[in-house]
> 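Structure provided below as structure tokens; questions to follow.
Side chains included, hydrogens not; waters and symmetry mates left out as well; all remaining heavy atoms used.
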Amino acid sequence: MTATTAGNKSGGSAGLMKSKNTKPEEIRKSNIQAAKALSDAVRTSLGPRGMDKMIQDAKGEVTITNDGATILKQMNVVHPAAMMLVELSKAQDIEAGDGTTSVVVLAGSLLEAAEKLLAKGIHPTSISDSFQRAAEKAVEILTSMAIPIDLNDRDSLLKSANTSLNSKVVSQNSTELSPIAVDSVLKIVDPAREENVNLKDIKIIKKLGGTVDDTEMSEGLVLEQRACNVNGPKKVEKAKIGFIQFQVSPPKTDMDNQVVVSDYAAMDRVLKEERAYILNIVKQIKKAGCNVLLIQKSILRDALSDLAVHFFDKTKIMVVKDIEREEVEF
């Protein structure tokens with residue numbers, strides 16, 4: 001009885017150890033399979049002969065693209081390992097602006113190779129360290145092969161832009177879009193920090209009714225909002241622009257209160273105070289020499305009252321309201 005009991009105990013502990021060892025293997029296998037599935041999904045859209053993907057979102061809007069970052073952004077990825085590939089593609093898009101599909105396909109291929117090495121019994125840490133050493137060597141080789149580009153060499157920059165656009169939907173319009181892309185970046189590049197460009201300084205405005213051939217670059221700031229003036233100026237040359245973060249309208253209480261005025265004299269006094277308050281603000285703006293006024297968008301109250309528009313028309317100041325903080329740094 002004693003020997004049998006001891007044998008059962010050792011068999012049970014062996015089974016427990018086996019289950020502990022198999023669980024990490026199953027998790028690793030699950031992660032690799034999920035990442036490979038995502039890699040295979042975008043693999044067919046790689047390169048100039050890659051196929052476009054048609055994606056329909058929950059709202060029913062259809063997107064046709066072969067850009068890896070766009071495809072992965074539209075897909076509702078849930079698996080944690082697959083989500084890491086989505087983040088990898090986003091990082092590549094932000095850092096380089098191209099190669100979003102390539103990094104995902106490359107990561108999927110490396111994971112497939114890792115799966116074969118794991119099957120041979122090689123420890124995951126050894127595989128990871130080897131990949132890190134291989135990556136350092138690859139960077140060293142690529143750096144030695146790289147040819148520095150001078151920002152004054154516009155032809156080389158145009159060739160790079162054409163190469164990036166060759167695998168996109170608008171490849172047939174690359175001759176029109178490449179010069180616009182290169183010139184717009186060269187306009188905002190800081191010579192002190194040539195290696196980094198803030199692409200938020202370039203705004204892309206889409207309008208219905210035109211074609212890709214109608215695309216043009218405008219130097220300066222293009223706002224989609226219309227001027228609020230009724231009889232005021234619609235065009236201003238040699239503008240002196242002012243930015244304000246407050247509203248040119250009657251002040252309101254912090255809490256939602258109602259003021260009931262039953263006396264005509266009191267009503268006249270309220271209107272007179274409102275008129276004096278707005279007129280004082282308009283005079284201060286005019287005194288500063290401003291002839292174009294941009295008002296930041298606010299959710300607190302109306303940015304501009306009808307009386308303020310009347311005074312701005314009288315003083316010949318063009319007013320544009322609801323300017324987003326992302327459009328202009330206030």
Side-chain angles (χ1 to χ4, degrees), residues 176-177 179-190 197-254 256 259 261 264 267-330:
E176 293 90 13
L177 296 178
I180 293 174
V182 171
D183 293 338
S184 59
V185 172
L186 289 176
K187 293 285 182 187
I188 63 164
V189 71
D190 183 4
V197 177
N198 186 9
L199 293 178
K200 289 183 179 178
D201 291 337
I202 300 173
K203 186 181 178 185
I204 299 171
I205 298 177
K206 304 169 189 174
K207 288 293 180 184
L208 292 173
T211 62
V212 180
D213 296 328
D214 298 327
T215 307
E216 62 179 36
M217 185 184 76
S218 300
E219 291 187 45
L221 188 65
V222 178
L223 300 172
E224 295 185 75
Q225 296 86 343
R226 293 178 175 273
C228 302
N229 304 73
V230 178
N231 298 315
K234 299 293 182 185
K235 183 179 179 181
V236 177
E237 293 183 1
K238 296 180 181 178
K240 191 172 182 182
I241 303 169
F243 305 103
I244 61 171
Q245 290 181 295
F246 57 88
Q247 286 70 39
V248 190
S249 55
K252 292 184 179 180
T253 56
D254 292 334
D256 191 12
V259 179
V261 181
Y264 283 112
M267 190 179 294
D268 287 339
R269 195 162 65 250
V270 169
L271 292 172
K272 190 176 179 181
E273 285 293 328
E274 179 186 331
R275 183 184 178 89
Y277 175 81
I278 293 174
L279 186 59
N280 180 47
I281 294 174
V282 174
K283 281 182 177 178
Q284 293 292 331
I285 293 169
K286 183 67 177 177
K287 188 179 177 182
C290 169
N291 55 8
V292 175
L293 185 67
L294 304 181
I295 304 175
Q296 186 182 324
K297 190 173 184 178
S298 174
I299 59 170
L300 298 177
R301 62 177 190 229
D302 295 333
L304 209 61
S305 66
D306 293 338
L307 188 60
V309 173
H310 170 71
F311 285 140
F312 282 124
D313 285 348
K314 289 278 188 182
T315 52
K316 304 296 182 185
I317 297 175
M318 182 191 286
V319 185
V320 182
K321 64 176 183 177
D322 294 340
I323 304 296
E324 296 284 356
R325 189 182 288 269
E326 291 79 21
E327 294 177 335
V328 181
E329 292 185 7
F330 281 82

> Is D214 reaching over with its side chain to a backbone N or O of T211, donor-acceptor style, under 3.5 angstrom?
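Yes, D214 side chain to T211 backbone: donor-acceptor pair under 3.5 Å.
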
> Taking atom NZ of K234 as the centre, report whether more than 12 heavy atoms of other residues, nucleotides or ligands fall under 6.0 Å from it.
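Atom NZ in K234 is packed in, count exceeds 12.
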
> In Å, rounded to the nearest 0.5 Å, how long is the span from CD1 of I323 to CD of Q225?
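The CD atom of Q225 is 4.5 Å from CD1 of I323, to the nearest 0.5 Å.
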
> Can you tell me how far the CG atom of L293 sits from the CD1 atom of I285, to the nearest 0.5 Å?
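That separation rounds to 4.5 Å.
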
> Does K240 reach the main-chain N or O of A288 with its side chain, forming a donor-acceptor pair under 3.5 Å?
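Flag set: sc K240 to bb A288 pair under 3.5 Å.
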
> Would you check if the side chain of K286 reaches a backbone N or O of T315 as a donor-acceptor pair within less than 3.5 Å?
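Such a contact is found between K286 side chain and T315 backbone.
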
> Checking side chain to side chain contact (heavy atoms under 4.5 Å, CB included) between L304 and each of I295, I278, V320, D322, which is the one that passes?
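Checked I295, I278, V320, D322 against L304; only one passes side chain to side chain contact (heavy atoms under 4.5 Å, CB included): I295.
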
> Taking the side chain from N229 and the backbone from V319, do they hold a donor-acceptor pair closer than 3.5 Å?
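A pair under 3.5 Å: yes.
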
> Around atom CD of E273, are there more than 12 heavy atoms of other residues, nucleotides or ligands at under 6.0 Å?
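No.
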
> Rounded at 0.5 Å granularity, tell me how far CD1 in I204 sits from CD1 in I180.
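If I round to the nearest 0.5 Å, the distance is 10.5 Å.
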
> Measuring from F312:CZ to N291:CG, what's the distance to the nearest 0.5 Å?
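So the CZ of F312 and the CG of N291 are separated by 12.0 Å.
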
> Please say whether more than 12 non-hydrogen atoms of neighbouring residues, nucleotides or ligands are located less than 6.0 Å from CD1 in I205.
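Yes, because the 6.0 Å sphere around CD1 of I205 holds more than 12 heavy atoms from other groups.
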
> Would R275 and F311 count as a side-chain contact (heavy atoms from CB on, under 4.5 Å) if you check the C-alpha gap in whole Å, the side-chain angles of each, and the deciding distance to 0.1 Å?
CA-CA 10 Å; R275 183 184 178 89; F311 285 140; 3.9 Å; yes

> CD of Q296 to CG of L294: how many Å apart, nearest 0.5 Å?
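The CD atom of Q296 sits 11.0 Å away from the CG atom of L294.
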
> Which heavy atom of G242 sits nearest a heavy atom of C290, and at what distance?
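Heavy atoms of G242 and C290 come nearest at N-SG, 3.7 Å.
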
> Under the 3.5 angstrom rule, does the side chain of N231 hit a backbone N or O of D313 as a donor-acceptor pair?
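Flag not set: sc N231 to bb D313 has no pair under 3.5 Å.
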
> I need the minimum non-hydrogen distance between V309 and C228, along with the two atoms involved.
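Heavy-atom minimum between the residues: CG1-O, 3.7 Å.
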
> Nearest 0.5 Å please: distance from the CG atom of L177 over to the CG atom of D213.
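Between L177 CG and D213 CG, I get 8.5 Å after rounding to 0.5 Å.
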
